[in-house]
Amino acid sequence: QVQLVESGGGLVQAGGSLRLSCTTSRNIISFNRMAWYRQAPGKQRDLVASIASGGGVNYVESVKGRFTISRDNAERTVYLQMNSLKPEDTAVYYCHGITFGFSIQEYWGQGTQVTVSS
């Protein structure tokens, strides 16, 4: 059974920082891509940042220069460092892993709440 467990969410003032962690039950490199998504109440779940098995990264435009996705393969953990946080960053953040092949398999964490106050 593949499990993804997020941690590190909380309440922070605008301009502050948080680091989210996603610890997996299997090797990070066994996923073709790992990513962070976020979902605010009444909104779609949107991709925030991703990292491919080869190390390539991608960010949604609104977080470029503020957020950094990284990984520690030995620790089986993916991180999202969030700096210069804004109230519009408030959402539940979800870790996601996907494996491509003849069939596609996806895995989601339970989510961690990030709240940014003014």
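The shown structure was predicted, so the numbers you read here are calculated from the model rather than taken from an experiment.
- Here the shortest heavy-atom pairing between Pro87 and Ser118 reads CG-OG, 3.7 Å.
- The two residues Cys22 and Leu4 come nearest to each other via the heavy atoms SG-CB, 4.0 Å.
- Cys95 and Met34 get closest at one heavy-atom pair: SG-CE, 3.9 Å.
- The environment of CD in Gln13 is sparse: at most 12 heavy-atom neighbours from other residues, nucleotides or ligands sit within 6.0 Å.
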What side-chain donor-acceptor pairs closer than 3.5 Å can you find for residues 74-82, not counting sequence neighbours?
| unit_1 | atom_1 | unit_2 | atom_2 | d |
| --- | --- | --- | --- | --- |
| Arg76 | NE | Asn27 | OD1 | 3.1 |
| Arg76 | NH1 | Ser25 | O | 3.3 |
| Arg76 | NH2 | Asn27 | OD1 | 3.1 |
| Thr77 | OG1 | Thr23 | OG1 | 3.3 |
| Thr77 | OG1 | Glu75 | O | 2.9 |
| Gln81 | OE1 | Arg19 | NE | 2.7 |
| Gln81 | OE1 | Arg19 | NH2 | 3.1 |
| Gln81 | NE2 | Asn83 | OD1 | 3.0 |

Could you go through Leu85 and Leu18, starting from their C-alpha distance and side-chain angles, then the distance that decides it, and tell me whether this counts as side chain to side chain contact (heavy atoms under 4.5 Å, CB included)? CA-CA 8 Å; Leu85 283 162; Leu18 285 172; 4.2 Å; yes
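- Here the side chains of Tyr107 and Thr24 are not in contact, with every heavy-atom distance at 4.5 Å or above.
- Side-chain contact between Arg38 and Val114: absent, with no pair of heavy atoms (C-beta onward) separated by less than 4.5 Å.
- Within the 3.5 Å criterion, the main-chain N or O of Ile69 finds a donor-acceptor partner in the side chain of Tyr59.
- Residues meeting the side-chain contact (heavy atoms from CB on, under 4.5 Å) test with Thr99, sequence neighbours left out: Arg26, Phe31, Asn32.
- Here the straight-line distance linking atom OG of Ser50 with atom CZ of Arg33 works out to 5.0 Å at 0.5 Å rounding.
- To the nearest 0.5 Å, atom CG of residue Leu11 and atom CD of residue Gln113 are 9.5 Å apart.
- Atoms CH2 and CD1, from Trp36 and Ile51 in turn, are 12.5 Å apart once rounded to the nearest 0.5 Å.
- Grouping Ile, Leu, Val, Met, Phe, Trp and Tyr residues whose side-chain heavy atoms lie under 4.5 Å apart, directly or via other members, leaves Phe102 alone, with no other cluster members.
- Distance CD/Glu88 to OG/Ser62: 8.5 Å, rounded to 0.5 Å.
- Of all the heavy atoms in Lys64 and Glu61, the pair that sits closest is NZ-OE1, 3.1 Å.
- Hydrophobic cluster membership of Phe100, counting Ile, Leu, Val, Met, Phe, Trp and Tyr whose side-chain heavy atoms lie under 4.5 Å apart directly or via other members: Ile98, Ile104.
- A chain of hydrophobic side-chain contacts below 4.5 Å, direct or via other Ile, Leu, Val, Met, Phe, Trp or Tyr residues, connects Ile28 to Val57.
- Applying the side-chain contact (heavy atoms from CB on, under 4.5 Å) rule to Thr112 yields the partners Glu6, Leu20, Tyr93; only residues at least two apart in sequence or on another chain are considered.
- The hydrophobic cluster containing Val92, built from Ile/Leu/Val/Met/Phe/Trp/Tyr side-chain heavy atoms closer than 4.5 Å, also comprises Tyr37, Leu47, Tyr94, Trp108.
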